[in-house]
Structure formats: structure tokens, C-alpha cells
Amino acid sequence: MHQRQMLLDWLGAEGQRRLRDAHALVVGCGALGGVIIEWLARAGVGQLTLVDRDVVEPSNLHRQVLFTERDAREGVPKAEAAARRVREIASGVRVHACVEHLGLGNASELARGAGVIVDGLDNIETRLVLNDLAVRDGTPYIYAAAVAMQGRSMAIMPDGACLRCVFPEQAQPGALETCDTAGVLGPVVGLTASFAALQALRVLAGRADLLDRGLWSADLVVNRFASLRVPRDVGCPCCGVRQFSFLQAVGDRAANLCGRGAVQVLPPGGVRATISLPALAERLRAHGVFEMRGDRLQGELATCNADGEAYELTVFADGRAIVGRCTDRDAARSVYDRFIGG
Ligand SMILES: [Zn+2]
């Protein structure tokens, strides 16, 4: 099955054997994750752990290659739909589906024995959790992100810069575009995910010497590719000082407000931030009806909860938000990451 790729002199029979004995943890099974998972499975990576708490929706299908209309109709969890597809593609792969949020409670267990952690995520907060986990345990982490016509990837290795060296000022909520506000196109995600999958295969095949060690970026508006070497920051709170605040804070960020049917969500990492509410109001116009009321932006999203009721959303200038008609903390966090960003 793998003869053609074994002809590559950097891989060969020895590299293929290493892939067969390898375990990859892929967090996020959507657009990025789907392409990454498919390449790793087809390349013969022996064991895959797939993590995603979300379910397949019709709006996913234009870019999430592992899923079908049937998955969307039935609302199948993405991790389970992805695992089923992997078994169809390559029955020899041991695949484990995990329909959960990655957090302090399960991260170490899921990453156990993984030779690489690959990023199929859609928000910076969980990426910083992965970054903390990878640096803490010395596991290579392949960062990947795509939005609108831009893609980025970087191999976070134990001897190099980490994601917090690259983004020292953790992105302020509302400052970053998300796929829900800026849009996204399948081939742009696919290109980025394919690059990330190649980087992961190099790590797993024992050829980390061949990695692109820079911050790789693709700007498909002007068709420009770049790889920028990022130096390690000795004062970096994560890889320098070794404080893993995102890994520790995860789970504390969303809290149910008693008797209100609402969940309060803090900005990524649980830290206060300053956000521009007028700018956020402008971006939310396409997604619901909002107005400024005193020091807060308040309104109703066009997106509905599991009972078909529209979510209410109140955002304060310090980045705190209250998601109304919601008691599910994971769902509230997801609303925050999609519409406020983080
Ligand atoms: Zn760092």
C-alpha cells in the first residue's frame, strides 16, 4: 500500500516502519483536522487519537472533507464520523475517537505515547492549551491555522520557539477574525493542513532534521508564501519560565450563572482584556441583532441552542460575556470563540 511513498529517499522502509509504530494526537476534526487525519491515515501512521466535541453541521460540508450530508443530517459527532472514515480508508490504523473538550483532566491521558500533536483547531485558546501541553511534556506540536484566504503553520519543537514566543501578546478577544466572521475556503484550509500533515510525517518518520522550522504562511489573496524564523524568547512565560497557565486555566473560564439559564465566559486564559465594542458590533451585524446598552453590547444571535432558541449574547468591554438561553458551558465557550474570537 505504501510502496510509492517508500520510494522517497528521505522516508524509505525505515521511515515507513517508524510511521507504522507511531501515534499522533489530532485535536480538532473539522476542516484542518479532516485533511490532516486523512493524510496521516493514508500514509500509514499506526495509531490516531482524534479529539473534537462538536457535531457535523450542513455548513461544514464545503470544507470538511471527511464528512457527508448524512453525517450532517444525523448530527454525528465529528470525532466519531472521522474515526469511521479512517477505518474505511485504512483498516489497519488503530483509531480512537474522543468527543470531549481537551482540558487539564484529559490532556495527559490523550497525549500519552503520542509522537506528535497536530492542530486542527479553530480558536487560539485551545491552541495555547496544546502549546502548554507540548512544551511541558517535550512533545512536538504542529500548529496550523487558516481563515479567509490566509494559512499559517509552525513546528513547535522542544529546542525551539513556542507559540507564545510567536504571539507574545496573546490575541485580544475581538481582534482576531474567525471563520464565522471572515469566512473560509476549502482549498486554503486544505493547503495549510497538507503542509502541517507533511511536517507531522517528518517528525514521526524520525526526520525532524528536514522540518521547516519557521513560521510558514500562505497569503492566497496575493499568492505569496513565506517562512519566517522566530527566535526563542528566553523570558517566554511558557517555554522560558515554564508556567502553563492555559493548560491550568482551561475549564475555569466558563461558569453557569445560577438560576439564569446563562453562562458567563471569560476571555481566553481567564484574563481581563480590553475590546472595542463598536468594532465588535459592526462585525456581529451579519450574525444577529445587537445594540449598545450603556457599557455593554447586547443582543440576540441568529444561532440557536439545542432547543432551537436563539442565543442571547452580552459582551462587556473587559472581554467578559454572558451567553443567555444556554446552560451548557462548552456550548457557551464555543459561541464566544466563534463570534467574539479569542
Ligand atoms: Zn515560548
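Start at 1 and go down the list; that is how both ligands and their atoms are numbered.
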Scan the side chains in residues 127-147 for donor-acceptor partners under 3.5 Å anywhere in the protein, sequence neighbours excluded, and list what turns up.
from : atom 1 : to   : atom 2 : distance (Å)
R127 : NE     : D119 : OD1    : 3.3
R127 : NE     : D119 : OD2    : 2.9
R127 : NE     : A144 : O      : 3.2
R127 : NH2    : L121 : O      : 2.7
R127 : NH2    : A144 : O      : 3.0
N131 : OD1    : L163 : N      : 2.9
D132 : OD2    : S245 : N      : 3.3
D132 : OD2    : F246 : N      : 2.8
D132 : OD2    : L247 : N      : 2.9
R136 : NH2    : S108 : OG     : 2.7
Y141 : OH     : D119 : OD2    : 2.7

In terms of side-chain heavy atoms, does T68 have a donor or acceptor partner in D71 at a distance below 3.5 Å?
yes
Do E291 and Q298 pair up side chain to side chain, a donor and an acceptor below 3.5 Å, judged on atom types alone?
no
For W39, the ring-ring contact (aromatic ring centres under 6.0 Å, His included) test, sequence neighbours excluded, returns none
How would you list, by chain and number, every residue that makes a ring-ring contact (aromatic ring centres under 6.0 Å, His included) with H23, sequence neighbours excluded?
none
At a cut-off of 2.8 Å, protein N/O/S around the Zn ion (ligand 1) gives C162 SG, C165 SG, C236 SG, C239 SG
Please assess C29 against I37 for the test side-chain contact (heavy atoms from CB on, under 4.5 Å), listing each intermediate value before the final yes or no.
CA-CA 8 Å; C29 300; I37 290 161; 3.8 Å; yes
